[in-house]
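Here is the structure we will look at, set down as structure tokens.
The shown structure was predicted, so the numbers you read here are calculated from the model rather than taken from an experiment. Residue numbering restarts at 1 for every chain, and letters A, B, ... go by the order of the sequence lines.
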Amino acid sequence: MDGELRDLATKLDRDARVEPLTFEQPEGREVYWHSSAHLLAQAVKQLFPEAKLAIGPPIDDGFYYDIDLGRPFAPEDLEKIEGRMRELAARDQPIERVEVPRDEAIRTYKEMGEKYKLELLEGIPDPRVSFYRQDGFMDMCRGPHLPRTGLIKTIKLLSTSGAYWRGDEHREMLQRIYGISFPRQEQLDEFLRQLEEAKRRDHRRLGKDLKLFAFAEELGQGLPLWLPRGATVRRLLENYIVNLELQHGYLHVYAPDLASVQLYKISGHWDYFREAMYPPMKVDNDELVLKPMNCPHHIMIYKQDQRSYRDLPVRIAELGRMYRYEKSGTLTGLHRVRSMTLNDAHIFCRQDQVKEEFAAVVRLIQQVYQDFRITDYRLDLSLHDPKDRQYYHQDEELWMTAEGLLHEVLRELGLTYNAVVGGANFYGPKLDVQVRTATGKEETLSTVQLDFLLPKRFELEFIGEDGKSHRPVMIHRAIISTMERMMAFLIEYYAGDFPVWLAPEQVRVLPIADRHLDYARNVRDRLTAAAVRVELDTSNERISYKVRRAQVDHVPYMLVVGDKEASSGQVAVRSRGAGDLGPIPLETFAARIMEEVAAKQ
RNA sequence: GCCGGCGUAGCUCAGUGGUAGAGCAGCGCACUCGUAAUGCGCAGGUCAUCGGUUCGAGUCCGAUCGCCGGCUCCA
């Protein structure tokens, strides 16, 4: 109604533009799932009257309700609740909006002992608050809701978990029940099918199947081993990005994995991130930590020379290995690890160069994404929150300048982006490239961060045209993220089908019978000499089985060789995606694959 | 770190207190085969680890380690 979400039963007391909502629209799904959450709460209250309700909102895929039961929900409880929800939906009761004076709501909730609802009420200043009633069950809610419970046709409770009340780890741990519902059974089936599909793309699954990386319990949590095939892909990524950066004026360096705590005290990270660093080890009169980041090291490198305004910008880059003591519960596959190598760089420049340097990084990101054929991402411009005086340094003017600059660059580049207030680092605003994992979680792949603070803390300077000392600005940036995260992302993005230029095994030679082994070896050696990553299947199996194995191993090209090929110097090419392509001369194939690699196909 | 679930062969999984199983992978033999699974055989396990209950534990209980789903965090 006039662009606002309202109940279907709302009285039309004025001229208004009215649009109906269906499940096909995001807002429609929101209402549908919100009502489903209420149904969940109703079922829980009927089965467990002592349960206290907290909040139950819709989410991207379904809904949840946070409940305090005093104990966890068992899987059998979920089944019972789901069954009760179906019964309640089948009764098809009307859902009505009721407005109640605030103090009456407080009185009722006090009587019921609903302490979370009472706390929510404290945050609502309005004299009247709205409730929704269905079948004798009332829940405080802004709404709107479905007109009848019977519209909820299929229900599936997916999981339970603990969740802190109001997201505060110092407060009560509530039980959260996640669920999903649809108007039609086929939609639920499709949803569950997609969940299965996501599991097949999951880099943890594929990483194991394709022997790319592994973890060992004996080795320690969050410390990945790069297996030969995964290491090959990583080396290709590293060579690619280092060469590209060298072409763009970056200077590549190396720094040690250990550093004095002193360094991070100067940078300020010790104050902010001490708990996430490995504890210091005492050596002689010093305390050393495993380095959690590379910036201070690059700053030390900048400080090795007296810099002139003519030298700037100085772009110092490193595939920097870092160690972070991430909380054990947050580690997942290669996405979150405790040892990682960042495609890091720090650009030291003059104020008047910031815009151009920032723009150059954004353009470089665009080029890299094109090379990897990554098209599905979002740009987030993370800004400071002026109200958060604890976290952010207080030079408000500096923030305004910095953030204004970034807005300007992005506008000039013609990019659409999403502004996130409160997303900035303590030292400055940043631009993040956000992507999704196979399991639907969002994460940052690339980042460009402005920093006016560290140059001050480390007293960086350069000599200006005027012969006086000036302070440079720093830009922190990572394009292909950490090798670990990029690997995880690419595995999932390509669903294990690496493009030829990145495939750990580009070609597999498949002889028809044992008498073709000599020719097959010949083919393999010719391709190896041409720097093609090729392997030979010498197993004593039928050709269809060898083909199957190569397909399962996600090898992009299979070369079938038998009598015909051996006698004519040809290979029968089969592509992983397109199937049998027929015989061509070996030299033609070699030339073609080298072209594809050069074109990053 | 917190809440919950899980841990059996290289992988996927069965095994509800009474002698550890299957398929795939591996190895051997035979077949020498034309584009997603040839047949037969063999081997493979301190049932994550440690402790407890029991005449007897893969199974029940506790602790530890690890993994999974969330929460919190993410320079």
Side-chain angles (χ1 to χ4, degrees), chain A residues 64 66 71-75 77-78 158-178 199 202 204-205 208-209 211 214-222 264 267-277 291-296 322 324-333 335-336 342 344 391 423-428 430 439 441 443-444 447 449 451 453-454 476 478 485 510-517 539-553 558-565 572-576 579-583:
Chain A
Y64 67 78
D66 281 350
R71 64 163 179 95
F73 285 102
D77 295 332
L78 276 199
L158 297 167
S159 62
T160 57
S161 76
Y164 300 110
W165 168 234
R166 302 220 137 165
D168 184 343
E169 64 178 318
H170 302 295
R171 301 207 54 184
E172 297 89 329
M173 172 72 76
L174 309 175
Q175 298 303 316
R176 177 172 296 179
I177 299 178
Y178 283 92
K199 261 187 218 160
D202 192 314
R204 289 167 296 192
R205 166 90 262 140
K208 187 178 271 190
D209 287 349
K211 300 194 182 308
F215 291 91
E217 196 173 325
E218 301 87 330
L219 197 155
Q221 260 190 307
Y264 300 104
S267 72
H269 290 98
W270 184 247
D271 293 333
Y272 281 103
F273 298 110
R274 191 184 327 190
E275 315 74 49
M277 289 164 68
K291 80 170 169 184
M293 50 168 1
N294 309 304
C295 351
M322 319 179 296
R324 293 180 181 181
Y325 180 61
E326 303 281 2
K327 289 183 189 171
S328 60
T330 66
L331 302 170
T332 26
H335 281 132
R336 275 288 274 286
L342 185 65
D344 208 356
Y391 189 70
N425 292 324
F426 68 84
Y427 49 71
K430 60 175 178 168
T439 46
K441 278 193 281 286
E443 65 182 13
T444 304
T447 184
Q449 314 180 348
D451 182 356
L453 188 68
L454 281 183
H476 308 239
R485 179 169 288 191
L510 312 176
I512 299 273
D514 287 354
R515 67 173 177 282
H516 308 119
L517 266 172
S539 71
N540 201 5
E541 287 289 348
R542 277 148 179 66
I543 192 64
S544 52
Y545 184 77
K546 293 179 189 174
V547 166
R548 176 185 157 76
R549 284 283 288 269
Q551 290 282 156
V552 167
D553 290 344
M558 288 146 263
L559 299 182
V560 176
V561 294
D563 292 331
K564 280 179 279 181
E565 289 77 16
V573 181
R574 181 189 164 99
S575 139
R576 172 181 58 203
D580 194 351
L581 300 177

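- Across all strands, A/D514 comes closer than 4.0 Å to base atoms (heavy-atom distances).
- No contact: A/E172 has no heavy atom under 4.0 Å from any strand.
- Within 4.0 Å of A/P75, counting heavy atoms only, lies no atom of the nucleic acid at all.
- A/Q449 comes within contact range of the sugar-phosphate backbone alone, with a heavy-atom separation under 4.0 Å but no base atom that close.
- Separating the CD atom in A/Q551 from the OG atom in A/S544 is a distance of 12.0 Å, to the nearest 0.5 Å.
- Annotation: side chain of A/R204 is in contact with side chain of A/T332 (closest heavy-atom distance under 4.5 Å).
- Using a 4.0 Å heavy-atom distance criterion, A/R205 is classed as a sugar-phosphate-only contact.
- Among the atoms of the strands shown, base atoms are found under 4.0 Å from some heavy atom of A/K564.
- Here A/D168 lies out of heavy-atom contact (under 4.0 Å) with every strand.
- Annotation: B/G4 and B/C13 have their P atoms spaced 24 Å apart (nearest Å).
- The side chain of A/R574 lies closest to B/A36 when the candidates are B/A36, B/U32, B/A75.
- Nucleotides B/G7 and B/G62, compared at atom P, are 15 Å apart to the nearest Å.
- Here A/R176 lies in heavy-atom contact (under 4.0 Å) with sugar-phosphate atoms only.
- Side chain of A/Y178, nearest nucleotide from B/C71, B/U35, B/U72: B/C71.
- Here the CE atom belonging to A/M293 is positioned 6.0 Å from the CZ atom belonging to A/R324, to the nearest 0.5 angstrom.
- Counting atom types as modelled, A/R336 pairs a side-chain N or O with a base atom of B/C73 as donor and acceptor under 3.5 Å.
- Distance from the side chain of A/R548 is smallest to B/A37 among B/C31, B/A37, B/G34.
- The nearest heavy atom of RNA chain B to A/A276 and to A/I512 marks one nucleotide each, and the one closer to the 5' end goes with A/I512.
- Within 4.0 Å (heavy atoms only), A/A163 reaches sugar-phosphate atoms of the nucleic acid but no base atom.
- A/Y64 comes within 4.0 angstrom of no nucleic acid atom, judged by non-hydrogen atoms across all strands.
- Here A/D563 lies in heavy-atom contact (under 4.0 Å) with a base.
- A/G167 comes within 4.0 angstrom of the backbone, heavy atoms only, and of no base.
- Between B/C71 and B/U16, the two C1' atoms lie 34 Å apart (nearest whole Å).
- Residue side chain A/F273 meets the stacking definition with respect to B/A75: its ring centre sits within less than 5.5 angstrom of the base's six-membered ring centre, and the planes differ by less than 30 degrees.
- Residue A/Q175 contributes atom CD, which lies 11 Å from atom C1' of B/C71 at whole-angstrom precision.
- As judged by a 4.0 angstrom heavy-atom cut-off over every strand, A/A572 is placed among the base-contacting residues.
- At the phosphate of B/G70, OP1 or OP2 sits under 4.0 Å from a side-chain N or O atom of A/K441.
- Picking from B/C74, B/A36, B/U35 the nucleotide with the shortest atom distance to the side chain of A/D580 gives B/U35.
- The aromatic rings of A/Y427 and A/H476 sit parallel, their planes meeting at an angle under 30°, below the 60° perpendicular limit.
- Checked against B/U35, B/U32, B/C31, the side chain of A/R542 finds its nearest nucleotide in B/C31.
- B/C47 and B/U19 have their P atoms separated by 15 Å, with the value rounded to a whole Å.
- Note that CH2 of A/W165 is 7.0 Å distant from CZ of A/R171, once rounded to the nearest 0.5 Å.
- Between B/C67 and A/R204, no contact under 4.0 Å exists linking OP1 or OP2 to a side-chain N or O.
- Following rounding to the nearest Å, A/D202 (CG) and B/G69 (C1') show an atom-to-atom distance of 12 Å.
- For A/R549 and B/G26, the shortest distance from a side-chain N or O to OP1 or OP2 is below 4.0 Å.
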Using the side chain to side chain contact (heavy atoms under 4.5 Å, CB included) rule, take A/R274 and A/H269 through it: C-alpha gap first, then chi angles, then the decisive distance, then the call.
CA-CA 7 Å; A/R274 191 184 327 190; A/H269 290 98; over 6 Å; no
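- In summary, A/R515 and A/D563 engage in a salt bridge, as defined by a charged side-chain N under 4.0 Å from a carboxylate O.
- Residue contacts shown for A/S267 are absent, as no nucleic acid heavy atom lies under 4.0 Å away.
- Across the C1' atoms, B/U32 and B/U38 are found 11 Å apart, a figure rounded to whole Å.
- The partner of B/U38 is B/A30, judged by Watson-Crick or G-U wobble contacts that both fall below 3.5 Å.
- In this model, the phosphate group of B/C67 is approached by a side-chain N or O of A/Q221 to a distance below 4.0 Å at OP1 or OP2.
- The side chain of A/K327 approaches B/U72 more closely than any other nucleotide in the set B/U32, B/U72, B/A75.
- Across the interface with RNA chain B, nearest-nucleotide mapping of A/V552 and A/Y325 shows A/Y325 to be the residue nearer the 5′ end.
- Spacing between B/A57 and B/C50 at atom C1', rounded to whole Å, works out to 15 Å.
- Applying the 4.0 Å criterion to OP1 and OP2 of B/U72, one finds that A/R166 has every side-chain N and O outside that range.
- Checked against B/C71, B/C2, B/C33, the side chain of A/T330 finds its nearest nucleotide in B/C71.
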